[in-house]
Structures are given as structure tokens and as C-alpha cells.
Amino acid sequence: MIREKPKRFFKQLVAGKNYLLRRFSFTKADRILKRSDFLRLSKTGKSIHNRYFMISYCPGCYDSNRLGVTVSKRVGNAVTRNRIKRYVREHFRLNKHDLAGNWDINVIARRDAADIDSKETNKWLHNLYRRIETP
RNA sequence: AGAGUCGUCCAAACGAUCGCUGGAUCAAUUCAUGAUCCGGAGGAAAGUCCGAACACCGCAGGGCAGGGUGCUCCAUAACGUGGAGUCACGGCGACGUGAAGGAAAGUGCAACAGAAAGUAUACCGCCUUGGAGUGUCUUCCCUGAAAAGGGGAGAUAUCUUCAGGGUAAGGGUGAAACGGUGCGGUAAGAGCGCACCAGUUCUUCGGGUGACCGGAGAAGCUAUGUAAACCCCACCCGGUGCAAGACCGAAUAGAGGAGCGUUUGAGGGCGGCCCGUUCGAGCUCCAGGGUAGGUCGCAAGAGGUGCCGGGCAACCGGCAUCCACAGAUGAAUGAUCGUUACCCGGUUCGGGGUAACUCGACCCGGGGACAGAAUUCGGCUUAUGGACGGCUCUGACC
RNA sequence: CGGGGCGUAGCGCAGUCUGGAAGCGCACUUGAAUGGGGUUCAAGGGGUCGGAGGUUCAAAUCCUCUCGCCCCGA
């Protein structure tokens, strides 16, 4: 009994901590994975854009927001495209809890997005996400 | 010190926080989820230019067509790759480059210029024979006092022209002109002959596994270039590619079979059941093909390091040792902060120097290339930041 | 993973197979014609043939490598 107590306490602590920190996780449930979902978004979703990104979104059928990233070959080589996708995912991971609702969001990078760094990316994406909530 | 050339190595490191992803173990446990531990991009992962492994399809054997390769020997699972050499070319040199078989099997092409572009011949030219013309000379005849004129014959020519023959020495060209120079020779010339030089073919000797190299002799043999033009010769190649291929397999629709039904009403609606009412021709089951989707293929050897032996080397053999070494699939391998190291620029300080400048320290600011596995290996090619070493040439000093 | 096409003057194209002086149309400049403009006529300028290397006497054309753009199949 005495020996078990701290262990259980520790376990609960870890679980609670993880519950708190899970708001920053980014698993497969948080992503759009199927081509049909992307096609549905481009067909029926609304779209907004600025000079670096375009976002098409519509209400999803899950209980949380989901993200898909589209960076075409036109934007740059594989290294550039991977970097943009990482920036976009990182921004979504750190800010998705501030976004109300259960949207399916597809972020499409435009050609100028190859030239900006992570801080600029965060700035312009934040701008766009705010316009989702208040159309 | 400068310029160059060849080769080897590295691809910033560490910590904290938050994430992503594969495997193993545990949580009653297959999935899902969570915890712990271990692992998570490159020298080119790139281009996809070659070669193989692997999978399926085809296939008795041989040939044609088509494609590829092309100095020699060796290495290799294989290669268009590599190593060692040969030859040619470039470079003062270190060294580099080379699709480097055959033009004497045949066909095609060689613009412009030029006489002519591959058969050796036509043109100009040179020489020669003959004819005609013209000029000159000699001689004869006629006219005339003479000068001179006319006509005939013969000879001759640094002349003109026509016809025949010889010749390939010479020919503003051209990328390239059928060996070069000299002497002889000739009517003029010509490898026509001779000497030397260059090449080709053949014979032979020596070295080398061989490509080839060196020497001797013979034949006047002199034959253009182009095969990354067709082609010939030798050798190699069955096709398609992990979206290969194997397995599981929903909903809907259609096809097949069986059963029950079509005023003797299957089945459905009117909250559950019966009655009732209403709609009115299909409904239920079976097995199979097959789509979306999913699982496997899919991550441990043509492996690295060291020593020994063979080989000039590429490489091969043996022993020891190290790892078990990324496996995603809208596609992971990251983000933020801090510290240190490196490079660049600047301020200040100190040392050296007349100065230009150089060396060291602190601080501030900035920078870090090319580039992302997609079935797996061996190469090639291309892109790109730096460090170190060998060698060559030039200059200065000792 | 595999296959195909294109790159020539500011623009659109021919020439590439079969190597031999870089062309056509529009556009541009100048001149004529008109009172002026348009139309028309005449003359003219403008091209490292995407880049590098090679074969050849000679390359837009042949060969190799490379850059960019576009398309197709599974």
C-alpha cells in the first residue's frame, strides 16, 4: 500500500500533465488523409487567400479541426516544399485550440511562400485563421 | 609567395521544452490508446543515363528484323563501370582528353571558290606533226629611166589560227589537289630512273598474354576525307515493371441460381404487437466476379572496419570484430530558445613596422552551400560549401 | 516508375529527317502618297538558333551531357 501510493500518484500526475499537453499534439486524427476529402473541400468549401497562402475550408464530420496541406511542384523543389509544410503544420499544432468549431481546412501554398521564414509564415497564417471564425 | 594539377576527408556540435514516425515489451488485449526502451535522410538521397537482384507474363531450338557496345588484358553478379597498359592529341610540366574496329566489300556526300573534288580526265599552259594566213629572206617573171609596184616558187619564224598527237612539271582557289626535296632524263614531261626522307603492304627476327613496340629486307605500292552518313565485322540483349505481384474485401448497381409472391396480395408506412387502413410488384437467401479501401511485398548482407596472404592495381581469399543499420504512403526525420566553435564586416586596445600593412584580444552585427529516402543494390552524370595532403611550373632569398 | 514533345528576331512559326550564306507573317524605324490620320507602296534595323562539350573542312541540323516548360500512361 505504502509502496504503491507514490507510483499511482505519479501516474496520475503524468496522465494529467499529458492531458494538459495534448492540446499541442498533432496525430493522424488531426489531418485530412484521403483524396476524396480534398476533392470535397475544393468543390464545396469556401476559400480565402492572401499573397502567400490560400485556405479552403468547410465544416467537417469529426469533433475537431483537421488540417491538410497542399504545396504543388510549382512552388519549389522538394526541400522547399517540405519546409513550407512543416511550418504550416507547426503553426496549426500550436494554435488549433484557439480555433473554434470542427473545420476541415486545406492550406494551399502559393509561389511566394517559398521566400518567407517561419515567423512570417505564422503571421500570415494567423491572419487567415482569424478570418475563418469571423467571415 | 603566386599559378596550376591530382587525391583524401567532413557535411557544425551540445543542452532544454514542445512535437512527428518505425520496432520491441508492458498495460486482461486483436484493433485503438497510453507508458518505457531502442532507431529515424545524403554525398550526391537529385537527374533517371546504364547494369543487376526480385516479381509476373512468354519461351523446344535456330535465324531475320530492331537496339546497344566497339584499342588490349584483367576485375566484377553484371555494366556503357573500374584497374593496369598501348596508341593519338593537348599542355613547358605535374597531368588531362579520347564512341580509339573496318574507307584495300559496296553505296552516298564534299556548299562557295577552283581547270579539276576522287573514275582520273576535259580546260589553260608546255612540246610536237600537218594545213592555212602573215612577216622576213633568196630567186625568177612582168611594168618602169630609177625609186618602187604586182605575180610565182622555195626557205624560215620568240607571229596568228585550225586539226591531230604527247604530257600531267606549272594553274588567283580551297579544309583537302593523287608522296616531298635534289640530280639525271626528255621534244616537252612524268617514280620514268637514282639518292635521301615520309607512309603503305608483305616477309622475317627479337620483346610482350595482348593492343603494340624495336630491328632487317623486299615491292615504286603512294591508295583523299567522312562510318557521332547508310553499311560491313565481332560481341551482347525475350517483354514489362513494386501502381511488379499475392491476399482480404464494404456499400450501391447489374448479371446468375433457389424460394415466396403479382385482385387467393410478397413486402413496406401509420412510435411496440394484433385488428384495421393505406401504398401496390417485387421481396428474401445463396455462391461468385469485381470497385473503393486495407494487409503483405517492405527492410540483416553482392555489408562496414582491422589484420594476414595473392595481385602493379581494380579486386579476390582467409581470420577476427562491429552493427543488426530509416521505412513514410496527402507522404515522418522538425520547430523554438540558449551556449560553444567556424567565416565575414566594423569599433576599441596591445605588439611589430617610417608607412602601406600584419598578428593577437574584447565587444557589436551578419552568415553557413547543394539538396529530402519512396522496392533494393552497383555505377555514371550533374549541383555544391569547406579542410588537409602529394606533385608540377614561375619568381625571390639563403 | 515509364513514355513523348517543345525551346530559332519583341510575338507566332518554317528551316533539323537528307550538315554548306539564317528565313516568313505581324510588330518596329525611315521615306513616299494625304491638309492630317488610317490603308497602300518602297527601303531598312533587329537573332550567342536554351546552355556546355564533341564529331566534321564546316553544326540551328549529327552525337553526349545539362537547363527550363508542357503533355500522356499505369
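Here is how names work: the chains are called A, B, and so on, in the same order as the sequence lines, proteins then strands, and each is numbered from 1. All figures in this text were calculated on a predicted structure; none of them were measured in a lab.
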Engineer: Under a 3.5 Å limit for both distances, which nucleotide forms a Watson-Crick or G-U wobble pair with B/U17, could you say?
Structural biologist: B/A335
Engineer: Send over the distance from A/Lys96 NZ to B/A335 C1', rounded to a whole Å.
Structural biologist: 16 Å
Engineer: The side chain of A/Thr27 is closest to which nucleotide in this list: B/G330, B/A371, B/C20?
Structural biologist: B/C20
Engineer: Under 3.5 Å for both donor-acceptor distances, Watson-Crick or wobble: does B/G368 have a partner, and if so which one?
Structural biologist: none
Engineer: For A/Thr70, answer base if it contacts any base atom (sugar-phosphate contacts may also be present), sugar-phosphate if it contacts only those atoms, and nothing otherwise; contact means non-hydrogen atoms under 4.0 Å.
Structural biologist: base
Engineer: Can you check B/A132 for me, syn or anti if syn means within 90° of 0?
Structural biologist: anti
Engineer: Atom CG of A/Asn77 to atom P of B/C370: distance rounded to whole Å?
Structural biologist: 9 Å
Engineer: With both distances kept under 3.5 Å, what pairs with B/U121, Watson-Crick or G-U wobble?
Structural biologist: none
Engineer: Taking only Lys NZ, Arg NE, NH1 and NH2, and the carboxylate oxygens of Asp or Glu, determine whether A/Arg66 and A/Asp30 approach each other closer than 4.0 Å.
Structural biologist: no
Engineer: By the rule that syn is within 90° of 0, classify the base conformation of B/G294 as syn or anti.
Structural biologist: anti
Engineer: Tell me the partner of B/C296, counting only Watson-Crick (N1-N3 plus N6-O4 or O6-N4) or G-U wobble (N1-O2 and O6-N3) with both under 3.5 Å; none if nothing fits.
Structural biologist: B/G245
Engineer: Whole-Å distance between B/U336 P and A/His91 NE2?
Structural biologist: 13 Å
Engineer: Rounding to an integer number of Å, can you tell me how far A/Phe38 CZ sits from B/U329 P?
Structural biologist: 14 Å
Engineer: Evaluate the ring planes of A/Phe92 and A/Phe26, with Trp represented by its six-membered ring, and classify them as parallel (under 30°), tilted (30 to 60°) or perpendicular (over 60°).
Structural biologist: perpendicular
Engineer: If pairing requires Watson-Crick or G-U wobble contacts with both distances under 3.5 Å, which nucleotide is the partner of B/G58?
Structural biologist: none
Engineer: Syn or anti for B/G43, taking syn as within 90° of 0?
Structural biologist: syn
Engineer: Applying a 3.5 Å limit to both distances, which nucleotide forms a Watson-Crick or G-U wobble pair with B/U252?
Structural biologist: none
Engineer: To the closest 0.5 Å, what do you measure between CG (A/Leu67) and CD1 (A/Ile55)?
Structural biologist: 8.5 Å
Engineer: Between A/Phe26 (CZ) and B/G330 (C1'), how many Å, whole number?
Structural biologist: 11 Å
Engineer: Applying a 4.0 Å non-hydrogen cut-off, can you work out what A/Arg89 is touching in the nucleic acid: base, sugar-phosphate, or nothing?
Structural biologist: sugar-phosphate
Engineer: Distance check: side-chain N/O of A/Arg31 vs OP1/OP2 of B/U21, anything under 4.0 Å?
Structural biologist: yes
Engineer: From the set B/C20, B/C18, B/C337, return the single nucleotide nearest to any side-chain atom of A/Leu94.
Structural biologist: B/C18
Engineer: Please tell me if A/Arg83 has a side-chain N or O lying less than 4.0 Å from either OP1 or OP2 of B/A335.
Structural biologist: no
Engineer: When you match A/Tyr87 and A/Ala78 each to their closest nucleotide on RNA chain B, which lands nearer the 5' end?
Structural biologist: A/Tyr87
Engineer: Does a side-chain N or O from A/Arg93 land closer than 4.0 Å to OP1 or OP2 of B/U336, or not?
Structural biologist: no
Engineer: Pick the closest RNA chain B nucleotide for A/Asn106 and for A/Arg86 by heavy atoms, then say which residue is nearer the 5' end.
Structural biologist: A/Asn106
Engineer: Please name the nucleotide paired to C/C24 by Watson-Crick or G-U wobble geometry with both distances under 3.5 Å, or report none.
Structural biologist: C/G12
Engineer: Applying the Watson-Crick and G-U wobble criteria at under 3.5 Å, what pairs with B/C137? Answer none if nothing qualifies.
Structural biologist: B/G154
Engineer: Does C/C70 have OP1 or OP2 sitting under 4.0 Å from an N or O in the side chain of A/Arg74?
Structural biologist: yes
Engineer: Whether the side chain of A/Arg131 engages the backbone of A/Ile48 through a donor-acceptor N/O pair (distance < 3.5 Å, no angle test) should be reported.
Structural biologist: no
